[in-house]
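Take a look at the structure below.
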Amino acid sequence: MKCFIKKERIRWQDIANLKLQKLLYYAQGCFLAVAGAPLFLEDILAWQHGPVVEPVYYQYKGYGSGGIFQKEYIIQ
């Protein structure tokens, strides 16, 4: 999950939780199609605003609709 956040930091953008959830959904689907196995074991739930991997959602919920800022991903 953190690889998506890191990728966005490289492009100098903060990724929002909603975007992260959609990226996880697409990554899971693509990986299932190519590898025939899940990329991660957590369930993807259908919420009102789109797919959600619940543990990841709650981990980053505190950022609200703003970008997820992780200090360790700042590139010097």
Side-chain angles (χ1 to χ4, degrees):
M1 307 339 161
K2 290 185 179 186
C3 66
F4 289 118
I5 297 169
K6 185 174 183 178
K7 179 68 174 165
E8 289 296 308
R9 292 298 307 158
I10 290 170
R11 291 180 6 194
W12 296 104
Q13 297 175 4
D14 291 333
I15 185 171
N17 200 353
L18 182 62
K19 184 175 181 180
L20 175 61
Q21 297 300 322
K22 291 180 181 180
L23 286 171
L24 291 173
Y25 173 76
Y26 286 118
Q28 182 77 309
C30 288
F31 199 82
L32 279 168
V34 172
L39 180 61
F40 51 87
L41 299 177
E42 293 83 2
D43 290 332
I44 298 176
L45 306 175
W47 283 14
Q48 180 180 359
H49 298 290
V52 171
V53 179
E54 204 167 20
V56 177
Y57 172 81
Y58 285 115
Q59 181 176 353
Y60 297 111
K61 178 183 173 184
Y63 291 94
S65 62
I68 298 169
F69 180 77
Q70 297 288 311
K71 231 180 192 180
E72 64 269 21
Y73 296 133
I74 294 177
I75 301 168
Q76 301 292 328

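Bear in mind that the values here come from a model prediction, so they are computed numbers and not experimental data.
Considering every non-hydrogen atom in both Ala16 and Ser65, the closest pair reads CB-O, 3.8 Å.
Clustering of Ile, Leu, Val, Met, Phe, Trp and Tyr by side-chain heavy atoms under 4.5 Å joins Tyr57 with Leu45, Trp47, Val52, Tyr58.
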Residues 20-40, side-chain donor-acceptor partners within the protein, below 3.5 Å, at least two apart:
from, atom 1, to, atom 2, distance (Å)
Gln21, OE1, Val53, N, 2.6
Gln21, NE2, Asn17, OD1, 3.0
Gln28, OE1, Leu39, N, 2.7
Gln28, OE1, Phe40, N, 3.4
Gln28, NE2, Phe40, O, 2.9

